[in-house]
Amino acid sequence: QVQLVESGGGLVQAGGSLRLSCAASGRTFSSYAMGWFRQAPGKEREFVAAMSWSGDKTYYVDSVKGRFTISRDNAKNTVYLQMNTLKPEDTAVYYCAAAYMSDLIRNQRSYKYWGQGTQVTVSS
């Protein structure tokens with residue numbers, strides 16, 4: 001069982017930055033691929049970024065490439081999403097998720113554990 005708790009969301013002006021954190025419980029964090037997803041009002045939840053359990057592969061949706069960076073600190077059982085040059089269209093609830101030793105980490109169905117989400121609002 002893995003519990004995930006996101007933090008770091010908030011209100012920011014366009015062009016600004018936020019760093020989301022996701023703290024995970026459990027002693028096998030390093031065995032989990034970690035992903036970030038988001039859901040805007042009236043839209044389906046979508047993939048944003050993911051990092052393999054080994055930490056050697058990262059993936060991003062095209063709309064955030066060059067602006068967002070996913071990273072992990074296995075010693076702290078935490079995954080981060082650094083978000084720069086934020087745009088109003090980045091406004092959404094952001095969720096982190098964990099997938100045990102999965103390679104299909106752009107697919108939501110690979111993830112068994114989900115956090116409760118954190119709101120990110122970007123004003124224009």
Colleague: Do Met34 and Leu4 touch side chain to side chain, with heavy atoms closer than 4.5 Å?
Modeller: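 The answer is yes, as the side chains (C-beta and beyond) meet within the 4.5 Å cut-off.
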Colleague: Are Val93 and Thr118 close enough that some pair of their side-chain heavy atoms sits under 4.5 Å apart?
Modeller: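 No, side chains not in contact.
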Colleague: Count the heavy atoms of every other residue, nucleotide or ligand shown that sit under 6.0 Å from CZ of Arg67, and state whether that count exceeds 12.
Modeller: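 Buried by this count: over 12 neighbours within 6.0 Å.
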Colleague: Counting distance only, does the side-chain N/O of Ser102 pair as donor-acceptor with the main-chain N or O of Ala99 below 3.5 Å?
Modeller: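 Answer holds: no.
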Colleague: Indicate yes or no: at least one non-hydrogen side-chain atom of Ile70 is less than 4.5 angstrom from one of Tyr59.
Modeller: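 Not touching, per the 4.5 Å side-chain cut-off.
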Colleague: Using the rule ring pair (Phe, Tyr, Trp, His ring centres under 6.0 Å), only one of Tyr94, Tyr95, Trp114 pairs with Phe37; which is it?
Modeller: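 Exactly one option meets the ring pair (Phe, Tyr, Trp, His ring centres under 6.0 Å) with Phe37, and it is Trp114.
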Colleague: Is there a donor-acceptor contact under 3.5 Å from the side chain of Asn107 to the main chain of Leu104?
Modeller: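 No: the side chain of Asn107 does not pair with the backbone of Leu104.
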Colleague: Could you tell me whether the side chain of Val2 reaches within less than 4.5 Å of the side chain of Tyr100, counting heavy atoms only?
Modeller: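 Tyr100 vs Val2: side chains apart.
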Colleague: Is a salt bridge present between Lys65 and Asp62, judged by a nitrogen-to-oxygen distance below 4.0 Å?
Modeller: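 So Lys65 pairs with Asp62 through a salt bridge.
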Colleague: Does CD belonging to Gln3 count more than 12 external heavy atoms closer than 6.0 Å?
Modeller: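 No, CD of Gln3 has 12 or fewer neighbouring heavy atoms, counting only those of other groups under 6.0 Å.
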Colleague: Using every non-hydrogen atom in the two residues, find where Val120 and Leu18 come nearest and quote the distance to one decimal.
Modeller: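 Val120 and Leu18 have their closest heavy atoms at CG1-CD1, 3.9 Å.
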Colleague: So, Arg72 side chain and Phe29 main chain: donor-acceptor pair closer than 3.5 Å or not?
Modeller: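 Such a contact is found between Arg72 side chain and Phe29 backbone.
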Colleague: Please tell me if the side chains of Ser110 and Ile105 come closer than 4.5 Å, counting only heavy atoms from C-beta onward.
Modeller: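 No; the side chains remain at least 4.5 Å from each other.
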Colleague: Would you find a donor on one side and an acceptor on the other, under 3.5 Å apart, between the side chain of Gln108 and the backbone of Arg45?
Modeller: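 Flag set: sc Gln108 to bb Arg45 pair under 3.5 Å.
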Colleague: Taking the side chain from Thr121 and the backbone from Thr91, do they hold a donor-acceptor pair closer than 3.5 Å?
Modeller: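 No, because the side chain of Thr121 does not come within donor-acceptor range (under 3.5 Å) of the backbone of Thr91.
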Colleague: A side-chain contact here means heavy atoms from C-beta on lying under 4.5 Å apart; do Tyr32 and Tyr113 qualify?
Modeller: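 Sidechains of Tyr113 and Tyr32: in contact.
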Colleague: Can you find a side-chain donor-acceptor pair between Asn84 and Ser17 that sits under 3.5 Å?
Modeller: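 Indeed, the side chains of Asn84 and Ser17 share at least one donor-acceptor pair under 3.5 Å.
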Colleague: Can a donor-acceptor pair be found, under 3.5 Å and without considering hydrogens, that links the side chain of Glu6 to the backbone of Cys96?
Modeller: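 Pair found, side chain donor or acceptor close to backbone of Cys96.
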